[in-house]
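Single-structure report; data block below.
Here is the naming used below: chain letters follow the sequence lines, and residue numbers restart at 1 for every chain.
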Amino acid sequence: MDVQEKTYEEKLAEFEARIARGEKIEPGDWMPDEYRKQLIRMIGQHAHSEIVGMLPEGKWIPHAPGFRRKLTLIAKVQDEAGHGQLLYRAAETLGKSRGEMLEELLDGKAKYSNVFNYPTPTWADVGMIGWLVDGAAVVNQRMIAKCSYGPYARAMKRICFEESFHIKQGQDLLIKMVNGTEEQKQMAQESLNRWWYPTLMMLGMPDSDSPHLGKLKRWGVKVKTNDELRQEFVDLVAPQLKSVDLHPPDDDLHYDEETGHWKFTEPDYDELKRVIKGDGPCNKERMEARRKAHEEGRWVREALAVSKRKKEVPAA
Amino acid sequence: MNKEQALQSYLLALADDELILGHRDAEWTGHAPLIEEDIAFSNIAQDEIGHAQSWLRVYESLTGTDPDTVAFLRDHNEFTCCHLVQMPKGDWAYTIVRQFFFDAAEIVRLGYLKQSVYDPIREIAVKIYPEEQYHLLHTQGNVERLGDATEESHRRMQRAVDEAFGQALGLFESIPGEDVLADENIVPDSKTIENEWLQFVVPVLKRSGLRSPVDETNGSGGTDVKSWYGGRQKEHTGHLKQIVTDMQQVYRMIPGAKW
C-alpha cells in the first residue's frame with residue numbers, strides 16, 4: 001500500500017506501534033508535527049543549556065588552583081561546547097538550523113536549564129556543579145538515551161559517557177576540600193547549601209503540573225516522569241554526599257526503610273517557574289555574555305562564510 | 001651563568017610563555033565566535049598549559065621544585081615570559097594573529113629542540129612538536145581565510161598584525177644563559193629562530209592579503225619595527241600582574257591548603 005494513501009490516523013497508529021515495539025524514529029521517517037516540534041524544543045533547550053552552562057564554571061578557569069584543576073576545568077567546559085554542537089546537529093535533523101535556534105535563545109524565545117542562572121561565588125561551586133548538576137543531568141540523559149528519536153538517543157550515549165567523568169572530577173575536587181582545612185570544608189558545605197534545591201528543580205516541574213506527560217510517554221519522548229527522575233537523583237546523591245560529611249540543607253532528608261527511597265523536601269517550584277521565565281539571579285548576566293560573544297563574533301562568521309579561498313581550516 | 005642555571009632559566013622562559021598564553025586562550029572558552037572555535041581554542045589552551053607543565057617537570061628534576069609551586073606561588077615579577085603572551089585577548093583577529101605568530105615561533109624553536117643534545121628537552125620537543133603543528137595549521141588557515149574575506153575582517157586582521165608584530169619579535173629576545181646552552185647544541189640561538197620565523201610568517205601574511213610590517217629578506221635587526229623586549233629580563237607589562245593574581249587567587253587563598 002502506498003504511504004501517500006494512508007490517512008493521518010493510520011500513519012499515527014503505525015508510528016505509535018513502532019515506538020511501542022521499541023523502534024527508533026529516524027530523521028526521514030514520518031512523524032506527527034507535534035512530535036517534531038516537541039523534540040526540536042527539547043533538543044534545542046538541551047543544546048542551549050550546554051552552551052549557557054559553560055559560563056558559570058568557565059568563570060573559574062582563570063582561577064583554577066594548580067595545573068591539574070586548570071586543565072581538567074578547561075577540558076570540561078570544552079566538553080560542554082562539544083555537547084552543544086552535537087545537540088544542535090541532532091535538532092537540525094528535524095529541520096531547524098543552529099543559527100535559528102541561537103537567535104531564538106538570544107531573543108529570549110527559547111529556554112534553557114534553570115540551574116545555570118545561579119551564581120558561582122566560590123571555587124567549590126565548580127565541584128558542586130560537577131557532582132550535583134552533572135549528576136542530575138546524567139539521570140535525565142540516561143533516560144533520554146532510551147527515547148524514541150534515534151539521533152537524540154545516540155547523542156545522549158556519548159554525552160553521558162563524558163558527563164560521568166565530570167561527576168568524578170567534581171567529587172574529587174570537593175572531597176579534597178572536605179578533607180582539607182576548616183575553611184575549605186565550610187566552603188564546600190556552603191556551596192551544597194546553594195546548589196541543592198536548584199538542582200532538584202532542574203529535573204522539571206512535578207508530575208501533577210505536567211499536562212502533556214501522557215502523550216510524551218506514549219511517544220517515547222519521555223521514558224520516566226520528572227518526579228521519578230528526581231527521586232532517582234536523590235537516592236543516588238544523598239548517601240554519596242553524607243558519606244563524605246556533606247549535608248544537604250533539608251532537615252527532613254532521610255532514608256525510608258519501607259519504600260527503599262530517600263524522603264526529601266520538594267523544592268520551591270514557583271522559584272523554578274520564575275527562573276525559567278527569565279527572572280533568576282543571573283539570567284540577565286548569562287544572556288548578556290552570550291549576546292556579547294554572538295555580536296562580537298558576527299564578523300568572523302560572516303568572513304568565514306564568504307572566505308574567498310573556501311579553504312578548510314583543519315581542526316586544532 | 002653555568003650550564004645548570006642556564007637550563008633553569010631557559011626552561012622557565014619556555015614554560016612561562018606557554019602558561020600565560022594558554023591562560024589567555026582559555027579566556028575564550030565559552031565566548032568564542034562559533035562553537036567550533038570554542039572547542040579549538042580550548043584545545044589549544046590545554047595543549048599550551050600542558051606544555052608549560054612538561055617544561056616545568058624538567059625544571060623540577062633540576063631543582064626539586066614542583067610545577068604547581070613554580071606557577072602558582074611565584075611572584076609575577078619573577079616570570080620571564082615575553083610581552084606578546086601577556087597582552088589582553090583583544091578581538092578575535094588579535095587572538096588569531098598572536099597565536100599564529102606564537103605557533104610559527106614554536107615550530108621553528110621545537111625543530112631545533114628536537115635535535116637537542118640534552119635528552120629531557122629533546123624528548124619533550126619530540127612529543128609536543130606534532131601538537132604545535134596542528135595549532136599552526138589551524139591558526140595559519142584562519143589567517144589565510146580572514147585576511148581578505150571581507151572589508152571588516154581585512155581591517156581587523158591588518159590592525160592585529162600591526163599591533164602584534166613587534167610584540168612577537170619579543171619572543172626572540174635572548175633568554176639569559178642561552179649562549180651557554182647554544183654553544184653546547186642544547187638550544188638554538190634566538191636570532192636564528194627569529195630569522196627563520198620571518199622567512200615563514202611574512203609570506204603567509206602576504207598570501208593572506210595582509211601587509212607585513214617588514215620584508216622577509218630584512219632578516220635579523222633589519223626591521224624598523226620596534227621589538228618588545230624586556231620580558232626575558234623580568235620587565236613586564238602591567239597586564240602580567242593581573243593574570244598572575246587571577247591565576248594564583250585560589251591556590252594562595254588559604255595557606256597550606258591542598259586543592
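Only the side chain of Lys70(A) comes within contact range of chain B, judged by heavy atoms closer than 4.5 Å. Residue contact with chain A, scored on non-hydrogen atoms closer than 4.5 Å, involves the side chain of Gln249(B) exclusively. With a 4.5 angstrom heavy-atom cutoff, Leu136(B) does not touch chain A via any of its atoms. The contact between Ile49(B) and chain A is made by backbone and side chain atoms together, counting heavy-atom distances below 4.5 Å. Neither the backbone nor the side chain of Arg24(B) comes within contact range of chain A; no heavy atom of the residue lies under 4.5 Å from a heavy atom of that chain. Residue Leu19(B) touches chain A through its side chain alone, counting heavy-atom pairs closer than 4.5 Å. Contacts of His63(A) with chain B are made by both backbone and side-chain atoms, with heavy-atom separations under 4.5 Å. Only the side chain of Ile51(A) has a heavy atom closer than 4.5 Å to any heavy atom of chain B.
Between Ala81(A) and Asp38(B), the closest heavy-atom pair is CB-CB, 4.3 Å. Taking each heavy atom of Ala293(A) and His31(B) in turn, the nearest pair found is CB-O, 3.5 Å. When all heavy atoms of Ala149(B) and Ala303(A) are compared, the pair lying nearest together is CB-O, 3.3 Å. When all heavy atoms of Lys176(A) and Trp259(B) are compared, the pair lying nearest together is CG-C, 3.6 Å. For the residue pair Ala75(A) and Gln46(B), the shortest heavy atom distance occurs at CB-OE1, 3.3 Å.
For the options Gly180(A), Gly58(A), Gly66(A), heavy-atom pairs under 4.5 Å to chain B are most numerous at Gly66(A). Put simply, of Asp172(A), Thr122(A), Leu71(A), the one with the most heavy-atom pairs under 4.5 Å next to chain B is Leu71(A). By number of non-hydrogen pairs under 4.5 angstrom with chain B, the leading residue of Pro65(A), Gly297(A), Ala64(A) is Pro65(A).
Residues Pro33(B) and Glu296(A) fail the side-chain proximity criterion, which asks for heavy atoms closer than 4.5 Å.
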Does the pair Glu36(B) and Arg98(A) meet the rule for a salt bridge (Lys or Arg N to Asp or Glu O under 4.0 Å), with working shown? CA-CA 12 Å; Glu36(B) 285 70 15; Arg98(A) 188 208 287 187; 2.6 Å; yes
List the steps and the verdict of side chain to side chain contact (heavy atoms under 4.5 Å, CB included) for Val300(A) and Glu37(B). CA-CA 10 Å; Val300(A) 181; Glu37(B) 287 300 334; 5.8 Å; no
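Summarising the geometry, atom CD1 belonging to Ile74(A) is positioned 10.5 Å from atom CD belonging to Glu48(B); distances are rounded to the nearest 0.5 Å. Rounded to the nearest 0.5 angstrom, Thr29(B) OG1 and Lys76(A) NZ are separated by 13.0 Å. Of the inter-residue distances, the one linking Met177(A) atom CE with Ile254(B) atom CD1 reads 6.5 Å to the nearest 0.5 angstrom. Going from atom CD of Glu302(A) over to atom OG1 of Thr150(B) covers 7.0 Å, rounded to the nearest 0.5 Å. To the nearest 0.5 Å, atom CD of residue Gln78(A) and atom CD1 of residue Ile35(B) are 12.5 Å apart. In this structure, CZ in Phe67(A) is found 10.0 Å from OH in Tyr251(B), a value given to the nearest 0.5 Å.
Around atom NZ of Lys241(B), no more than 12 heavy atoms belonging to other residues, nucleotides or ligands sit under 6.0 Å away. Counting heavy atoms of neighbouring residues, nucleotides and ligands inside a 6.0 Å radius, atom CZ of Arg89(A) does not exceed 12 of them. Counted within 6.0 Å of CZ on Arg158(A), heavy atoms from surrounding residues, nucleotides or ligands total 12 or fewer; the atom is thus considered open.
Remark: the backbone N or O of Gly30(B) is paired with a side-chain donor or acceptor of Arg290(A) at under 3.5 angstrom.
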